[in-house]
Amino acid sequence: MEWYRTSTRDVLKELSADPEAGLSASAVETRLSEYGRNELKEEKKKPFIKKLAEQFLDPMIIILLLAAIISGVVGEAVDSVIILAIVIVNALLSIFQEGKAEEAIAALKKMSSPTVKVVRDGRISEIQSTELVPGDLVILETGDIVPADMRLIESSNLKIDESSLTGESVAVEKDAAVTMDEEVGIGDRVNYAYSASIVNYGRGKGVVTETGLNTEIGKIATTLSTMEEEETPLQRKLAGLSKTLGILVLAVCAVVFVVGKIYGRETLQMFLTSVSLAVAAIPEGLPAIVTIVLSMGMGNMARHNAIVKRLLAVETLGTTTYICSDKTGTLTQNEMTVTRVYVDGKVLEVSGSGYAPTGEITGGGETVAPESMPGLDALTAVASLVNDADLSESGGNYSIVGDPTEGALITLAGKHGIHEEEIEAAYPRLEEIPFDSDRKMMSTFHENYFDGKISSFTKGAPDVILKRCSHIYKDGEIIELTDAMRQEVLDQNTAFAKQALRVLGFAFRNFDAMPSDISTDAIEQDMVFVGLVGMIDPARPEVKDAIKECRTAGIVPVMITGDYLETAKAIAEELGILREGDHAMMGEELNGKSPEEIREIVKTTRVFARVSPQNKVQIVTALKENGEIAAMTGDGVNDAPAIKKADIGIAMGITGTDVAKNTADVILTDDNFATIVQAVEEGRIIYANIKKFVTFLLSCNIGEVLVVFLAIILNLPTPFLPIQLLWLNLVTDSFPALALGVEKGEEETMLEPPRDPQEPILDRKVTITLIIQSIAITAATLGVYYYALKTHGDTGAGLVYSRTMAFTTLIFCELFRSFSSRSIDDTLWKIGFFSNKRLVQAVLLSLALVLVVLYVPFLENLFHLVDLNVKDWAIVLISSLIPLVIGEIQKFIRFNQSHPQDTQE
């Protein structure tokens, strides 16, 4: 039932509630059993054992486990233990890094009001909010958290902050007397109060209509709990790579086993060879390296004010094609700021932002000094006195206690040299007529501002104020307000409104003595109009450049806000989000639209205003169905479902609710859109680096497989033992791969469009590089091995020596080649041989580890290796340079083909 569209009488009748006595104890007991407690239920957490089991379903992990089992069966205990240790550590890391979703429901639960005042059996009592039932009469006062959804039946100057639910920064004025005929959005239901919103001002009474999971916040909790975590692009690509490698391993092992049996080799020997191939084919260090590189990326982002909670989200950021951003606090500063003043028939501009009283008021390019313009002096005095907010300063940072609009007025007065404490002390408040949503005005009384008179100062809606004015204060004199002057003021009010400014009007009235009747009808008539003030939550200065960078990088920015359409459009146009040909629309226009229609709408619409939580999910869903990678930012409970639905959920760290933070993948500690763009750039760099070290590792592993495979086909002894390949893959390869993972970003990182999310890690260019490098490594290693077998023999000590030469050659091939792997396109001449210092250190460390297993007697025996003579070391080193040289030649040829004009100049 749409309670906000129902009269208070019908609501009370429908719920069988007495507007004076409330519910009886027996009725409460019956309804409690019928509707349940007013609380949000937590989803059952997935057991640790189940989470652990899920980690072992990856094909790559399954193959590693089989290799470990086979190694153990055939007596290779060291291999078996090392492989199992790697698998377990990776599984535990994944569980530790992820699994935050269930915290969102717990945070929602904490937002519920612990106690509440209700009317039951004719008496006011305080109860636990969990005991509320539909039909209960609840009393709301300033500072209360609304405990359930309710239809208001009484209201007095009631203002409720619904920003966590609607995203609108200004508290909503509530009016119980209003009954709506048409469907409106959550933010426009002025006769209704929502669970978890906060009473900012006034008082009211409401009848509970929905509790628990049936409340608006409960529906959000249900949506969150039913949404499933989706795989990131990197997860899907690595899973696909794992399957490919798995098929490759099985096929090669089968062929090798058959060929070995044809050559008459023993079954046990072929099992060992199969284990060697499995170890050679699978880059055991890849999961660990991906985890470490992503963790480093998390550290980099944290230093730039973006905390990444889910490890794989680091890479996903780099694929982002749409950024759906909230307006307030993310694109804007979340601080109301006066930017225009109309006084004495002139429009003045106000510089500065936020609540710091630093800035200038200028007219015609010149600063307006205090006492140089009487109208401005009077306006800033009135604005400061008819005001309940307080400006506070701590360590140079200014903040407001009270309404942001009133805070902006105090800041304006401060910029004109009027200090809050001084003016309040000089002209203390004698009496007041509080703000009322019906008359849209507030008045206060002060003495001696105008030559010993008692003055009433009034602020409010400009059109309402103007109707009650008969005179105007101009150039220091009170003169009659003519129709032409009145029209001029109205025109200026319209002009300010079109600029999406929130406009307030100011007036005063003088009395010889304090009036006995201070009613609005007696006081707020025949006033003297002073001027207008236009304010806005200004855009962050750095966001405009960030939006430009988005456009250059092929990322589409979209504003999704709970604010009004005109305000949203003005900010979006200023920032460059809304351009010619783009559309803006109200969220309610999505209601009733089919998924197909919404998918078309999101292709051209860049601003969505007055949106509901469901609208946000609809928008994100449509973008994803269009094949886009959508990032969604937000700070409120209302944003949580869309944050969770998005490919990348981003929450505000300063203004964000616990629900939004717990649901998100990324938390911005500075609530700044520009930080998102920096995070996207970091994500692109990380993905490019993952691509580099995956290519490096796979070329090494494929080279190893080809060496073993061709040796068997050629009926040569197996060139490597499993433990040798394990040492090579886990230790020697891993350090250079890690160093490649921190390669600095290339200049073109944010000048290219987002990559296709379906694009495999091994695209055409990478695959060609992979094939060429694998063949080069194979040729160099197999050539040295064949030479060694012919020179030193293929049995006994000769075979051990030959394997040592092959092992050493393979390692040096891979270490030298790591320098070429720093870029798919750019040669070492361009990027610099030693510009990646970490790679140099990694290669030196790996070389040291090679020498350790070659020359430390205990390890030399464990790895079945021997010392090499000087001549063979020369052969190894020269042969090892082949993949590096071929890789650089390949890049040089590719560059000439794609840039023929450069070679002709």
Side-chain angles (χ1 to χ4, degrees), residues 71 74-82 265-266 268-270 272-273 275-277 279-280 284 700-701 703-712 714-736 777-817 843-883:
S71 296
V74 300
E76 298 290 341
V78 175
D79 292 26
S80 182
V81 169
I82 292 176
R265 298 190 182 186
E266 295 180 3
L268 181 58
Q269 182 187 8
M270 296 317 300
L272 284 172
T273 303
V275 171
S276 297
L277 278 171
V279 172
E284 293 89 346
C700 297
N701 284 73
E704 294 163 18
V705 169
L706 288 175
V707 170
V708 175
F709 179 74
L710 291 175
I712 298 298
L714 297 172
N715 200 22
L716 301 176
T718 305
F720 308 113
L721 298 178
I723 194 170
Q724 293 172 343
L725 289 170
L726 201 60
W727 178 265
L728 192 151
N729 288 347
L730 287 180
V731 182
T732 315
D733 286 356
S734 296
F735 293 118
I777 291 171
T778 303
T781 306
L782 198 57
V784 169
Y785 182 55
Y786 185 78
Y787 160 81
L789 288 173
K790 292 299 181 184
T791 305
H792 301 285
D794 59 1
T795 58
L799 178 57
V800 172
Y801 194 95
S802 299
R803 283 176 173 166
T804 302
M805 285 192 71
F807 174 75
T808 310
T809 303
L810 183 57
I811 288 177
F812 275 75
C813 278
E814 296 177 1
L815 293 181
F816 292 153
R817 166 175 151 54
V843 169
L844 291 175
L845 176 59
S846 296
L847 286 173
L849 291 170
V850 175
L851 296 176
V852 164
V853 296
L854 282 174
Y855 291 105
V856 173
F858 164 72
L859 292 174
E860 192 176 41
N861 294 331
L862 179 65
F863 283 88
H864 307 284
L865 299 169
V866 293
D867 299 349
L868 299 178
N869 61 44
V870 175
K871 177 187 174 184
D872 289 337
W873 261 117
I875 291 172
V876 165
L877 291 175
I878 293 171
S879 300
S880 300
L881 289 170
I882 291 173

Note to self: With side-chain contact (heavy atoms from CB on, under 4.5 Å) as the criterion, how do Ile777 and Leu810 come out once you've worked through the C-alpha distance, each side chain's angles and the decisive distance to 0.1 Å?
What the structure shows: CA-CA 7 Å; Ile777 291 171; Leu810 183 57; 3.4 Å; yes

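- A heavy-atom distance below 4.5 Å is not found between the side chains of Ile811 and Ser846.
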Notebook entry, point to check: How far apart are the C-alpha atoms of Thr718 and Arg803, what are their side-chain angles, what is the distance that settles it, and do they pass the side-chain contact (heavy atoms from CB on, under 4.5 Å) test?
Noted result: CA-CA 8 Å; Thr718 305; Arg803 283 176 173 166; 4.0 Å; yes

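- Rounding to the nearest 0.5 Å places CZ of Arg817 at 13.5 Å from OG of Ser880.
- For the pair Phe807 and Thr781, the minimum side-chain heavy-atom distance is 4.5 Å or more.
- Summarising the geometry, atom CG belonging to Leu865 is positioned 7.0 Å from atom OG1 belonging to Thr808; distances are rounded to the nearest 0.5 Å.
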Next item on the list: Take Phe735 and Leu849 through the test side-chain contact (heavy atoms from CB on, under 4.5 Å) and record every step on the way to the result.
Entry: CA-CA 11 Å; Phe735 293 118; Leu849 291 170; 3.5 Å; yes

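- The aromatic rings of Phe812 and Trp873 stand perpendicular to each other, their planes meeting at an angle above 60°, with 30° marking the opposite boundary.
- For Ala711 against Pro717, the heavy-atom pair with the smallest separation is CB-O, 4.1 Å.
- Listed here is the closest heavy atom pair of Gln724 and Pro719: OE1-O, 4.2 Å.
- The shortest side-chain heavy-atom distance between Leu799 and Leu789 falls under the 4.5 Å cut-off.
- In plain terms, the two heavy atoms of Phe720 and Val707 that are nearest each other are CE1-CG1, 3.6 Å.
- By the neighbour-count criterion of 12 heavy atoms within 6.0 Å, atom OH of Tyr786 is sparsely surrounded, having that number or fewer from other residues, nucleotides or ligands.
- The two atoms that bring Ser802 and Gly793 nearest to each other are OG-O, 3.4 Å, heavy atoms only.
- Put simply, CZ on Phe709 and CG on Leu714 are 10.0 Å apart, with the number rounded to the nearest 0.5 Å.
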Margin query: Run the side-chain contact (heavy atoms from CB on, under 4.5 Å) test on Glu860 and Asp867 for me, step by step, so that the C-alpha distance in whole Å, both residues' side-chain angles and the decisive distance to 0.1 Å come before the verdict.
Written below: CA-CA 9 Å; Glu860 192 176 41; Asp867 299 349; 2.7 Å; yes

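- Annotation: side chain of Val852 is in contact with side chain of Leu859 (closest heavy-atom distance under 4.5 Å).
- For the residue pair Tyr801 / Asn869, a side-chain donor-acceptor distance below 3.5 Å is found, with atom types taken as modelled.
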